[in-house]
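Let me begin by presenting the structure, written as structure tokens, before commenting on it.
Just so we're on the same page: letters track the sequence lines, and every chain starts at 1.
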Number of protein chains: 2
Amino acid sequence: MNPLAIPEIVIRRLPLYLRTLKLLQDQGQSVTSSQEIGDKLGISATQIRKDLSYFGEFGKQGTGYDVRYLQEQLQQILQVDSTWNLALIGAGDLGRAILRYSSFEEGGFSIVAVLDRDRDKIGRRIGKLQVLDIAKLPEVIKEHRIQIAIIAVPTNDAQEVADALVNVGVKAILSYAPIPLSLPAHIRVQHIDPLVGLQSMTYYLDPSQR
Amino acid sequence: MNPLAIPEIVIRRLPLYLRTLKLLQDQGQSVTSSQEIGDKLGISATQIRKDLSYFGEFGKQGTGYDVRYLQEQLQQILQVDSTWNLALIGAGDLGRAILRYSSFEEGGFSIVAVLDRDRDKIGRRIGKLQVLDIAKLPEVIKEHRIQIAIIAVPTNDAQEVADALVNVGVKAILSYAPIPLSLPAHIRVQHIDPLVGLQSMTYYLDPSQR
DNA sequence: TAGATTGTTAATCGATTAACAATC
DNA sequence: TAGATTGTTAATCGATTAACAATC
């Protein structure tokens with residue numbers, strides 16, 4: 001339909017490029033090449049150049065890419081050059097691990113509220129945040145202008161929580177629940193499910209050694 | 001090369017079908033169709049039938065698929081019809097959340113050992129397991145015939161841990177560290193990185209509302 | 001039988017890659 | 001200048017889908 005639409009598969013590779021550039025920068029490297037990035041990710045250099053070419057020209061012939069500059073450009077493209085406020089639903093073990101996982105901050109996200117429905121958890125402190133009653137969801141979302149939420153509740157509650165999030169205006173959901181969620185088509189959903197990775201690896205393993 | 005090789009993208013969809021079948025079974029449904037599975041996953045019915053056809057014929061014309069039977073068949077195909085022993089490296093918040101995450105057990109995996117290098121964590125109990133010294137890695141791997149390990153250590157230690165795992169014969173790694181790992185080509189690696197999902201969703205969000 | 005749904009073929013669509021001119 | 005590497009085109013490759021016969 002839209003001739004300028006960029007394939008989603010390309011968009012999904014950009015965070016990998018960003019992750020690799022961060023690694024290179026941490027190692028003190030200031031210039032890189034499509035070849036080098038590709039080697040680290042197991043992606044062809046041509047593909048990386050092609051992906052970048054959807055958005056502009058970021059390199060220099062004969063030299064490569066300035067690590068810092070390309071990083072900034074990718075952050076702008078993905079709109080993570082400034083911070084998104086996130087709400088985290090679920091203050092169990094998983095929720096706590098997510099809260100302490102520092103990569104979110106580096107990646108352009110800030111978890112500004114944790115909510116749970118469990119009386120025992122509400123009011124407890126986790127890091128800098130106090131666990132709020134899920135009943136306060138509408139106010140929290142409005143106050144912090146939250147468009148993205150993370151679901152880290154038990155499987156059985158996930159669909160209900162997702163529906164509630166959509167009702168209060170959340171536009172994108174990162175779900176750790178291992179079930180497919182039924183949501184309106186305009187809501188973006190990403191799943192984190194370690195089983196998908198594990199079960200696709202076992203296909204290739206030698207069962208005789210088990 | 002191999003004319004019978006099944007595309008990896010197909011293999012990666014099978015766990016999603018399995019996940020959906022489990023959901024249907026939990027809801028007490030005994031028969032389903034490619035249409036129904038597809039609707040839940042946002043995948044076309046044709047694609048599901050095509051994917052399954054790589055492995056055989058599992059349905060009945062006019063009726064659909066027996067939920068339990070198709071589940072069993074997919075488990076066999078993915079080799080998760082019996083249990084794989086896993087080692088978990090890293091006993092921090094993330095490691096503890098992973099240990100308590102029950103889906104692994106349902107999915108054909110059992111975490112049989114947790115290891116860490118931190119003196120403060122070694123010896124501590126998490127659920128049924130006691131945290132072991134990472135120095136014991138070779139014995140642990142051998143004793144439990146472990147082919148798959150989960151990395152849940154700080155980013156800076158991840159590559160080192162991965163190298164150590166490969167050295168003791170681990171064949172597949174599920175890494176929660178947000179960096180690309182450099183490993184021999186024959187080692188299977190899957191990454192769990194929530195940033196990839198988040199950063200690809202923000203591309204599509206309206207920044208004016210931020 | 002009529003309706004539903006599978007399994008499969010062939011056509012289409014889209015993504016990857018090979019090749020190379022441009023140029024630093 | 002020679003060497004390196006980008007950006008881009010066109011060719012290739014592979015994945016998805018439309019269509020439909022088979023059949024429960």
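For the OP1/OP2 pair of D:dT6 and a distance below 4.0 Å, the side-chain nitrogens and oxygens of A:Arg49 include at least one atom meeting the criterion. For A:Arg13 and C:dT16, the shortest distance from a side-chain N or O to OP1 or OP2 is below 4.0 Å. Note on A:Thr46: every side-chain N or O is 4.0 Å or more away from OP1 and OP2 of C:dA18. OP1 or OP2 of D:dT16 sits under 4.0 Å from a side-chain N or O of B:Gln47. At D:dC24, none of the side-chain N or O atoms of B:Tyr65 fall inside 4.0 Å of OP1 or OP2 (strictly under the cut-off). When the side-chain nitrogen and oxygen atoms of B:Ser44 are compared with OP1 and OP2 of D:dT17, one or more of them lie within a distance under 4.0 Å.
Applying the Watson-Crick and G-U wobble criteria (two distances, each under 3.5 Å), D:dA22 pairs with C:dT5.
Straight-line distance from the CD atom of B:Gln35 to the P atom of C:dG7: 15 Å, rounded to whole Å. Taking atom CG of residue A:Leu52 and atom P of nucleotide C:dT17, one finds them 15 Å apart after rounding to whole Å. Atom CZ in B:Phe58 sits roughly 17 Å away from atom C1' in C:dT5 (whole-Å rounding). Look at CD on A:Glu8: it is 18 Å from P on D:dA15, rounded to the nearest Å. Between the CG atom of B:Leu70 and the P atom of C:dT6 there is a distance of 10 Å, given to the nearest Å. Taking atom CZ of residue A:Phe55 and atom C1' of nucleotide D:dT8, one finds them 16 Å apart after rounding to whole Å. The interatomic distance linking B:Asp66 (CG) with D:dC24 (P) rounds to 16 Å, in whole Å. Between the CG atom of A:Asp51 and the C1' atom of D:dG7 there is a distance of 13 Å, rounded to whole Å.
For A:Glu57, the listed nucleotide lying nearest its side chain is D:dT8; candidates were D:dT5, D:dT8, C:dA15. Of the candidate nucleotides C:dT9, C:dA15, C:dT5, C:dT5 has the atom lying nearest to any side-chain atom of B:Gln61. Of the candidate nucleotides C:dT6, D:dT16, C:dA15, C:dA15 has the atom lying nearest to any side-chain atom of A:Ile9.
For the pairing with B:Tyr176, the side-chain contact (heavy atoms from CB on, under 4.5 Å) check across B:Ile151, B:Asp193, B:Ile98 returns one residue only, B:Ile98.
Rounding to the nearest 0.5 Å places CD1 of B:Ile148 at 11.0 Å from CD1 of B:Ile111.
Ring-plane geometry between A:Phe58 and A:Tyr69 is classed as tilted, the angle between the planes lying from 30 to 60 degrees on a 0 to 90 degree scale. Below 30°, between 30° and 60°, or above 60°: for A:Tyr203 and B:Phe55 the angle between ring planes is above 60°, a perpendicular geometry.
Comparing A:Gly62 and B:Ile43 by the nucleotide of DNA chain D whose heavy atom lies nearest to each, the residue mapping closer to the 5' end is A:Gly62. Mapping A:Thr63 and A:Lys50 onto DNA chain C via the closest heavy atom, the residue that lands nearer the 5' end is A:Lys50.
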- Task: Kindly determine whether B:Asp157 and B:Arg117 satisfy salt bridge (charged side-chain N to carboxylate O under 4.0 Å, His left out), including the steps that lead there.
- Result: CA-CA 10 Å; B:Asp157 301 338; B:Arg117 69 170 192 189; 3.5 Å; yes
